[in-house]
Amino acid sequence: MDRGFINVLLLGLAFMLVFTAFQTWSNIQKIMIDSIINDNKNFKDANAYYSLAIIYIVMAVFNWTSPSAISLIGPKFAMLIGGVTYVLFVISFCIPRVWLLYVVSAIMGIGAALIWTGQGNYLTLNSNDQSISRNSGVFWAMLQMSMFIGNTFVFFVFRGKDIIDSTTRQIVIWTLSGIAVGGLAVMVFFPKPVHTEEKPPEETSMTATSKAKLALKGAVRLFFNRNMMLLCLTFVYTGLELGFWSGVYGSCIGSSDVLPNSKQLMGISGIFIGLGEVIAGAAFGILGSKTNKWGRDPIVILGFILHVVSFFVIFLNIPNNAPFKETTDQAFITSNAVLAIMCSFLLGFGDACFNTQIFSMLGGVYVEDSTAAFSIFKFTQSVGAAISLTYASNFYLYVQLGILLVFAIAGTASFVWVEWRHKRDVVNAEASVSDSK
């Protein structure tokens with residue numbers, strides 16, 4: 001229990017609480033907006049997918065400026081400011097206005113860029129080559145505990161309800177907001193990281209504006225690095241599948257009236273996505289020392305296989321028009337709740353396989369440019385999520401699954417290629433040192 005690991009545990013606790021609010025809300029947002037429209041026709045132009053897409057589009061743009069912001073205010077305050085915008089987003093649904101929904105979505109996009117780039121930097125500064133895999137896995141497991149907390153709550157609140165009434169909505173909004181505020185309270189007490197980023201001597205005398213410009217230039221330069229550009233294919237895929245499991249799949253289950261208790265099943269789906277995320281994150285955290293020896297590529301390949309299996313079963317089990325409306329259409333097979341929930345688990349487990357290994361690579365390989373590396377990751381991932389949530393309102397389920405399959409193949413292949421190149425470079429470097437002796 002070194003000091004760096006304690007800091008990572010606090011980081012995981014804060015994110016678990018804040019994302020209990022957001023991840024739960026994004027899972028049920030379409031159903032909640034539809035229920036508001038039943039009571040308030042002036043809200044009929046609100047679109048849950050477009051709201052989430054705006055978040056990720058704005059996040060993508062501002063990820064280029066977040067390294068500059070962190071160079072000025074540090075990761076702790078960047079995460080705190082970002083966390084406040086998450087609370088504002090959920091609370092805004094107490095005042096259902098279409099314009100307010102999209103404005104607050106944009107504001108949260110700015111906050112998301114700050115909180116995630118700050119997280120990557122803080123995680124790296126509390127890790128080293130030996131602990132980065134463990135810390136990434138533990139952080140991811142704690143973060144995804146939010147899926148348990150929020151969706152268990154939703155399961156009981158939505159139990160027996162075909163229509164989500166105003167009172168139920170208020171209970172959900174204020175409970176989730178209160179939990180997120182608890183996360184902000186933890187962030188206030190974040191200790192200083194164990195390590196500090198080493199700056200060249202010429203940077204110490206720079207003005208704040210010069211440091212911000214230098215951070216932006218560094219991020220742009222790293223983006224055009226060959227290995228980083230290959231990794232961007234992996235990042236985009238994680239964004240596409242993030243948009244699918246966080247904003248589309250739960251809504252598809254809730255809209256499939258051929259499934260028993262479909263609204264309640266949404267909460268169970270979120271719980272099992274979280275279960276897959278937590279089990280995978282905890283396993284990779286506990287086995288961090290061993291996975292370092294095996295390499296990151298076997299875990300990413302495992303995630304790829306699990307995702308392909310889940311896409312095929314969803315293709316068979318969920319009606320094609322489920323992303324658009326309540327439907328009684330039959331799928332290729334008789335829709336089965338157990339299969340639907342099994343796919344939720346596979347989506348979560350596979351997502352953790354990709355994200356924990358990306359965190360490990362960026363925090364281990366790009367330790368000198370961790371802020372820039374994580375901002376690029378979140379930029380490209382956000383682009384993928386925005387694209388996914390934009391076409392979710394226009395493409396049938398089978399088309400969405402086809403897109404995911406293509407990018408899963410490309411993203412996995414590019415990650416494996418970069419990992420193999422890194423292993424080769426390490427071996428060559430060690431051989432060169434040995435020869436020099």
Side-chain angles (χ1 to χ4, degrees), residues 4-29 51-52 55-56 58-59 62-63 65-66 69-70 72-95 100-101 103-126 135 138-154 170-193 246 270 274 277-278 371 374-375 378 382:
F5 187 55
I6 292 173
N7 291 354
V8 171
L9 293 177
L10 289 172
L11 180 69
L13 175 61
F15 272 65
M16 178 182 72
L17 295 173
V18 171
F19 281 85
T20 290
F22 177 66
Q23 290 196 147
T24 305
W25 188 266
S26 65
N27 191 42
I28 63 173
Q29 184 171 330
S51 165
L52 294 171
I55 291 172
Y56 288 110
V58 175
M59 180 183 176
F62 277 86
N63 264 306
T65 62
S66 56
I70 288 171
L72 298 177
I73 63 177
K76 173 180 174 177
F77 288 105
M79 288 185 282
L80 189 58
I81 294 169
V84 170
T85 67
Y86 280 72
V87 177
L88 292 176
F89 176 74
V90 177
I91 291 177
S92 70
F93 284 87
C94 289
I95 310 172
L100 180 62
L101 170 65
V103 168
V104 176
S105 297
I107 292 172
M108 205 202 99
I110 299 172
L114 290 173
I115 198 172
W116 278 110
T117 305
Q119 175 271 333
N121 184 231
Y122 192 77
L123 178 71
T124 302
L125 295 178
N126 284 290
N135 290 352
V138 169
F139 167 78
W140 193 258
M142 293 186 70
L143 166 67
Q144 298 303 340
M145 282 293 293
S146 62
M147 299 291 289
F148 280 122
I149 300 168
N151 287 291
T152 301
F153 167 68
V154 166
Q170 295 298 317
I171 291 172
V172 172
I173 290 169
W174 288 108
T175 301
L176 294 180
S177 300
I179 294 171
V181 169
L184 299 184
V186 176
M187 288 183 184
V188 170
F189 296 101
F190 276 175
K192 288 184 178 180
S246 68
E277 298 271 14
V278 170
T371 304
F374 278 96
S375 70
K378 283 300 172 181
S382 300

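Just so it is clear, the values below take in all heavy atoms, side chains as well, and ignore hydrogens, waters and symmetry mates.
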Point to revise | Considering all heavy atoms, the nearest Gln23-Ser146 contact | key: NE2-OG, 3.0 Å

Exercise for review: May I ask you to test the Val172-Trp25 pair for a side-chain heavy-atom distance under 4.5 Å?
Suggested key: yes

Check your understanding: Donor-acceptor pair, Asn121 side chain versus Thr117 backbone, under 3.5 Å?
Key -> no

Exercise for review: Would you give the length of the straight line joining atom CG of Leu114 to atom CE of Met79, rounded to the nearest 0.5 angstrom?
Suggested key: 10.5 Å

Practice item. State whether a side-chain donor-acceptor pair under 3.5 Å links Ser375 with Ser66. Key: no

Practice item. Please round to the nearest 0.5 Å and tell me the distance separating atom SG of Cys94 and atom CD1 of Ile173. Key: 4.0 Å

Study note, to complete from the structure: Of all heavy-atom pairs linking Pro193 and Leu125, the shortest is CB-CB, 3.6 Å

Study note, to complete from the structure: Residues Ala180 and Val18: closest non-hydrogen pair is O-CG2, 3.8 Å

Review point. Any side-chain heavy-atom pair from Trp140 and Glu277 closer than 4.5 angstrom?
Key: yes

Check your understanding: When rounded to the nearest 0.5 angstrom, what is the spacing between CG in Leu184 and CD1 in Ile81?
Key -> 11.5 Å

Check your understanding: What is the distance from atom CZ of Phe77 to atom CD1 of Ile70, rounded to the nearest 0.5 Å?
Key -> 13.0 Å

Atom pairs and distances, side-chain donor-acceptor, residues 6-16, under 3.5 Å, sequence neighbours left out:
| from | atom 1 | to | atom 2 | distance (Å) |
| --- | --- | --- | --- | --- |
| Asn7 | ND2 | Asn126 | OD1 | 2.7 |
| Asn7 | ND2 | Lys192 | O | 3.3 |

Exercise for review: For Lys76 and Phe190, work out which heavy atoms get closest and say how close.
Suggested key: NZ-O, 3.4 Å

Practice item. Using the six-membered ring wherever Trp is involved, compare the ring planes of Trp116 and Phe139 and label them parallel, tilted or perpendicular (cut-offs 30° and 60°). Key: perpendicular

Practice item. May I ask you to test the Ile110-Thr85 pair for a side-chain heavy-atom distance under 4.5 Å? Key: no

Exercise for review: Carefully, step by step, assess Ser26 and Ser246 under the rule side chain to side chain donor-acceptor pair (under 3.5 Å).
Suggested key: CA-CA 6 Å; Ser26 65; Ser246 68; 4.7 Å; no

Review point. What closest approach, in Å, do Tyr86 and Ala112 show between heavy atoms, and which atom pair accounts for it?
Key: OH-CB, 3.3 Å

**Study point:** Euclidean distance, Leu100 CG relative to Ile107 CD1, rounded to 0.5 Å
**Key:** 8.5 Å

Exercise for review: Show your working on side-chain contact (heavy atoms from CB on, under 4.5 Å) between Leu101 and Phe93 and close with a plain yes or no.
Suggested key: CA-CA 7 Å; Leu101 170 65; Phe93 284 87; 3.4 Å; yes

**Study point:** Side chain proximity check, Phe153 to Thr20, heavy atoms < 4.5 angstrom
**Key:** no

Point to revise | Trace of the side-chain contact (heavy atoms from CB on, under 4.5 Å) decision for Ile115 with Met187 | key: CA-CA 11 Å; Ile115 198 172; Met187 288 183 184; 3.7 Å; yes

Exercise for review: Decide yes or no for Thr24 and Ile179: does some side-chain heavy atom of the first lie under 4.5 Å from some side-chain heavy atom of the second?
Suggested key: no

Check your understanding: Where do Ser177 and Val90 come nearest, in terms of heavy atoms and distance?
Key -> OG-CG1, 3.5 Å

Check your understanding: If you round to the nearest 0.5 Å, how far is CG of Leu52 from CZ of Phe22?
Key -> 5.5 Å

